Amino acid sequence: MEPVRRKALVDAALRVIGDHGSLAVTMSDIARQAGVSPALAHHYFGSKEQLLIETIRSLLRQLRSDTVAALKAARTPRARLSAVIRVSFHADQFAPGTIAAWLAFYAEAQRSEETRRFLVIYARRLRSNLLADLKVLLPADAAERIAEGAAAMIDGLYIRQSLKSAPIGIEASIALTEDYLNALLATASPSPRSEKGRPHRTTQGQMT
């Protein structure tokens with residue numbers, strides 16, 4: 001039962017953080033949401049901080065798994081770029097509670113070095129996934145510039161979704177990011193590299 005209960009506690013933590021909009025929740029709040037006692041929650045995770053770290057790890061694992069699956073299904077560099085964009089706005093990631101939890105972790109990263117480290121891993125993975133295929137299509141300097149811009153746009157649209165007064169839907173966010181990418185790809189010089197013989201990439205970046 002341990003793996004089942006640990007997952008239930010992580011899922012409960014995500015829901016409670018999303019409901020509160022911050023990490024100012026207690027182990028009792030999380031345990032109550034999971035339907036277990038606070039003592040059992042402490043038994044599995046030791047402290048609220050350890051449970052919160054496992055929660056952000058869980059978010060990153062799910063995002064990586066979704067990205068790997070999407071990249072496997074894409075057959076060209078341009079299709080893989082679209083796959084990365086679509087996964088970034090996947091319905092699970094775009095759920096209000098999940099968005100609130102991500103924003104709470106970003107706020108916590110100003111105080112917690114461990115939380116900041118996990119968010120840096122996320123940012124590096126996103127940039128790496130975009131850059132790997134942009135470098136096939138464009139010279140390195142243009143690829144790096146566009147990868148930074150696309151990653152910033154993805155993160156910015158994600159943050160704007162948290163503004164309940166002006167939400168941007170999944171398809172609209174994807175379309176805006178695709179329009180940005182298409183416009184820059186159309187004006188940039190093509191890369192001299194040939195796609196022929198390029199190994200098919202099936203993992204998300206090079207981060208561990």
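Please read all numbers here as calculations on a predicted model, not as lab measurements. For this chain, numbers begin at 1 and follow the sequence in order.
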Open item on the list: If you define the side chain from C-beta out and look only at heavy atoms, does anything of L137 sit under 4.5 Å from D133?
Closed with: no
Task: salt bridge (charged side-chain N to carboxylate O under 4.0 Å, His left out) partners for R6, two or more places apart - done: none
Open item on the list: Once ring-ring contact (aromatic ring centres under 6.0 Å, His included) is applied, what residue pairs with a partner in residues 40-71 remain, sequence neighbours excluded?
Closed with: none
Task: From CG (L131) to CG (L138), nearest 0.5 Å - done: 10.0 Å
Task: Contact check, side chains of L59 and F105, non-hydrogen atoms, under 4.5 Å - done: yes
Open item on the list: Among residues at least two apart in sequence or on other chains, which ones pass salt bridge (charged side-chain N to carboxylate O under 4.0 Å, His left out) with E178?
Closed with: R78
Task: Donor-acceptor pair, side chain of S128 and main chain of R124, under 3.5 angstrom - done: no
- [ ] Mind checking the CD1-CG spacing from I146 to L130? Nearest 0.5 Å is all I need.
- [x] 10.5 Å
- [ ] Search all heavy atoms of S173 against all heavy atoms of L157 and return the closest pair with its distance.
- [x] O-CD1, 3.6 Å
Task: Partners meeting side chain to side chain donor-acceptor pair (under 3.5 Å) with E54 (sequence neighbours left out) - done: R61
TODO: Applying side chain to side chain donor-acceptor pair (under 3.5 Å), name anything that partners R145, two or more places apart in sequence or on another chain.
DONE: none
Only distances under 3.5 Å count here; give the side-chain donor-acceptor pairs of residues 10-23 to other protein atoms, sequence neighbours excluded, each with its distance to 0.1 Å.
residue : atom : partner : partner atom : Å
D11     : OD2  : K7      : NZ           : 2.8
H20     : ND1  : V16     : O            : 3.0
S22     : OG   : A24     : N            : 3.1

Task: Salt-bridge present (R5, E2; N to O < 4.0 Å) - done: no
Open item on the list: Test of understanding: with side chain to side chain donor-acceptor pair (under 3.5 Å), list the residues that count as partners of D155, not counting sequence neighbours.
Closed with: Y122
Open item on the list: Quick check on the hydrophobic clustering: are V87 and I159 connected, directly or via other members, by side-chain heavy-atom contacts under 4.5 Å?
Closed with: yes
Open item on the list: Per the ring-ring contact (aromatic ring centres under 6.0 Å, His included) rule, what does the pair list look like for residues 128-155, sequence neighbours excluded?
Closed with: none
- [ ] Would you sort out whether R86 and E171 count as a side-chain contact (heavy atoms from CB on, under 4.5 Å), showing the intermediate values?
- [x] CA-CA 9 Å; R86 184 163 288 277; E171 293 303 323; 3.2 Å; yes
Task: Note, L181 side chain near T177 side chain (heavy atom, < 4.5 Å) - done: no
- [ ] Could you name each residue pair satisfying side chain to side chain donor-acceptor pair (under 3.5 Å) that touches residues 93-108, not counting sequence neighbours?
- [x] Q93-W102, E108-R111
Without placing hydrogens or testing angles, list every side-chain donor-acceptor pair under 3.5 Å for residues 28-41, not counting sequence neighbours.
residue : atom : partner : partner atom : Å
D29     : OD1  : T26     : OG1          : 3.4
D29     : OD1  : R32     : NH1          : 3.4
D29     : OD2  : T26     : N            : 3.1
D29     : OD2  : T26     : OG1          : 3.0
S37     : OG   : L40     : N            : 3.1

Open item on the list: I need the single residue from L103, I168, I170 that forms a side-chain contact (heavy atoms from CB on, under 4.5 Å) with Q161. Which is it?
Closed with: I168
TODO: Kindly indicate whether the side chain of L185, heavy atoms from C-beta on, has any atom under 4.5 Å from the side chain of L134.
DONE: yes
Task: Donor-acceptor contact present, side-chain K48 to main-chain V25, <3.5 Å - done: yes
Task: pair R117-I121: side-chain heavy atoms closer than 4.5 Å - done: yes
- [ ] Supply the atom-to-atom distance T67 OG1 to Q62 CD, rounded to the nearest 0.5 angstrom.
- [x] 9.5 Å
Task: Separation of S58 OG from L51 CG (nearest 0.5 Å) - done: 10.5 Å
TODO: Could you walk me through whether R127 and E144 pass the side-chain contact (heavy atoms from CB on, under 4.5 Å) test, one step at a time?
DONE: CA-CA 9 Å; R127 182 180 183 277; E144 290 180 8; 4.0 Å; yes
Open item on the list: I need the full list of ring-ring contact (aromatic ring centres under 6.0 Å, His included) pairs touching residues 61-89, with sequence neighbours left out, sorted by first then second residue.
Closed with: F89-F94
Open item on the list: Is it the case that the side chain of S112 and the backbone of A109 share a donor-acceptor pair, with hydrogens and angles ignored and the cut-off at 3.5 Å?
Closed with: no
Task: Check: E49 and E114 side chains under 4.5 Å, non-hydrogen atoms - done: no
Task: Reported CZ-to-CG distance for the pair R64 and L71, which is rounded to 0.5 angstrom - done: 11.0 Å
Open item on the list: Suppose the criterion is ring-ring contact (aromatic ring centres under 6.0 Å, His included): which pairs have a residue in residues 128-156, not counting sequence neighbours?
Closed with: none
Open item on the list: Rounded to the nearest 0.5 Å, what separates atom CD in Q50 from atom OG1 in T55?
Closed with: 11.5 Å
